[in-house]
2 protein chains.
Amino acid sequence: MIFSKTFGYALRGILYIALMQDEKRFVQIEEMAQKLGVPRHFLGKIMKRLVKEGMLLSVKGPYGGYTLSDATLQMPLLRLEDLTDGLGTFNNCVLRLRACNATNPCPLHFQMERIKGDLRRVMETTTIADLLHKDKKEFINSIATYEFDGSMLENEN
Amino acid sequence: MIFSKTFGYALRGILYIALMQDEKRFVQIEEMAQKLGVPRHFLGKIMKRLVKEGMLLSVKGPYGGYTLSDATLQMPLLRLEDLTDGLGTFNNCVLRLRACNATNPCPLHFQMERIKGDLRRVMETTTIADLLHKDKKEFINSIATYEFDGSMLENEN
DNA sequence: TGAATAAAAGACATCGTTGTCCTTTATGGT
DNA sequence: ACCATAAAGGACAACGATGTCTTTTATTCA
Ligand code: FES
Ligand code: FES
């Protein structure tokens with residue numbers, strides 16, 4: 001499946017936080033989980049990890065929550081993939097046979113080397129910021145599990 | 001990880017059978033598992049599945065085992081992927097958000113559409129037979145978990 | 001200082017993948 | 001018919017990914 005669920009949740013969480021930065025300083029996990037349609041506590045675990053790894057900042061207590069710096073916006077997706085799924089997709093043999101290299105290639109090595117290289121290039125050259133753009137309501141719908149009318153954006157904050 | 005272990009075992013099993021066809025009519029699971037360095041009973045399950053789906057033929061009893069037809073050699077890898085992992089990699093959104101299409105694309109859709117298209121093309125146009133070639137000993141080493149000296153090829157058959 | 005809020009932390013549950021083991025069925029040789 | 005061989009089938013175990021729940025820690029505000 002290329003990416004794990006964890007990677008998907010992490011990316012969507014980060015994008016949601018990035019999107020909210022002009023409105024509010026910190027975003028709470030509860031709000032993220034609801035808007036994105038993602039399991040709350042599981043998302044919490046993932047966010048905690050990202051904080052520890054320096055990709056997010058968090059503040060406890062009232063008015064606290066998660067936020068991110070410009071540096072994070074400029075990070076390539078590969079960094080996030082590394083923190084969640086690891087880089088096995090690129091470093092390991094697709095058939096999981098010892099080391100992956102041209103010296104002792106598996107039957108799929110050369111075909112997959114191309115694909116893996118292309119994928120890696122995309123993950124290396126695409127930053128979090130690159131995924132943003134567009135208008136806000138449409139963008140939130142594009143990362144939410146279920147659509148919701150944009151009115152929820154203004155409401156209870 | 002792109003492919004499951006199951007897919008890897010299945011492919012290596014099929015290639016091993018294909019490779020042995022000039023020597024012996026049927027290949028036993030025991031031999032396959034040992035030579036490839038793969039869990040025996042798990043491999044059995046996978047082979048059973050491939051037989052049921054028409055990708056392999058099997059015969060029970062003494063001198064029995066698995067074999068495959070020319071038709072199987074001409075099958076694209078995509079068929080095997082379908083029988084093991086399914087085609088979710090190609091049909092689903094990489095973030096697992098509803099349907100994957102350009103109408104309501106996720107933030108990674110267009111980047112991943114290209115990669116997924118390339119991968120699919122490889123899987124569609126590459127057949128089992130395409131992976132064979134080369135000299136036998138070298139090829140077996142390329143699908144075995146651990147190297148073994150070629151003498152094992154001649155020995156106890 | 002006390003109450004409320006929100007993340008951090010850790011224990012535990014569920015589920016799909018991977019792997020093992022035992023019994024049943026089919027086949028060939030005697 | 002009987003025995004040996006080998007796949008088919010099904011029960012179950014181990015494990016990692018995913019998901020839930022409760023307790024602890026940090027922070028804000030009154
Ligand atoms: S050796 Fe298998 S993908 Fe490189
Ligand atoms: S919509 Fe996400 S990959 Fe197509």
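All heavy atoms count here, side chains included; hydrogens, waters and symmetry mates do not. Below, read A as the first sequence line, B as the second, and so on, with proteins coming before strands; counting in each chain starts at 1.
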Subject >> Validation row, ring centre B:Phe42 to ring centre B:Tyr9 under 6.0 Å >> reply: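 So the answer is yes for these two rings.
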Base, sugar-phosphate or nothing for [X]? Non-hydrogen atoms, less than 4.0 Å.
X: B:Tyr9; answer: sugar-phosphate
X: A:Tyr66; answer: sugar-phosphate
X: A:Val27; answer: sugar-phosphate

[Y] side chain reached by [X] side chain, heavy atoms, under 4.5 Å:
X: B:Phe7; Y: A:Leu95; value: yes
X: A:Arg25; Y: A:Tyr63; value: no
X: A:Met112; Y: B:Leu119; value: yes
X: B:Thr127; Y: B:Met75; value: no
X: A:Lys136; Y: A:Glu23; value: yes
X: A:Phe139; Y: A:Leu15; value: yes
X: B:Gln111; Y: A:Leu131; value: yes
X: A:Asp118; Y: B:Asp118; value: yes

Subject >> Overall bend - the helix from C:dT1-D:dA30 to C:dT30-D:dA1, comparing terminal axes fitted on five pairs, nearest 10 degrees >> reply: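 It works out to 0° between the end axes.
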Original post:
Earliest and latest nucleotide of DNA chain D, 5' to 3', sitting under 4.0 Å from a non-hydrogen atom of chain B?
Top reply: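 Using the under 4.0 Å cut-off, the span is D:dA4 to D:dA11.
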Original post:
Going 5' to 3' on DNA chain C, which nucleotide is the first and which the last to come under 4.0 Å of a heavy atom in chain A?
Top reply: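 The footprint of chain A covers C:dA4 to C:dA11.
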Subject >> Presence of salt bridge, A:Glu124 and A:Arg79, under 4.0 angstrom >> reply: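 No salt bridge links A:Arg79 with A:Glu124.
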Original post:
For DNA chain D, whose closest nucleotide is more 5', that of A:Pro62 or that of B:Ile29?
Top reply: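 Closer to the 5' end of DNA chain D: B:Ile29.
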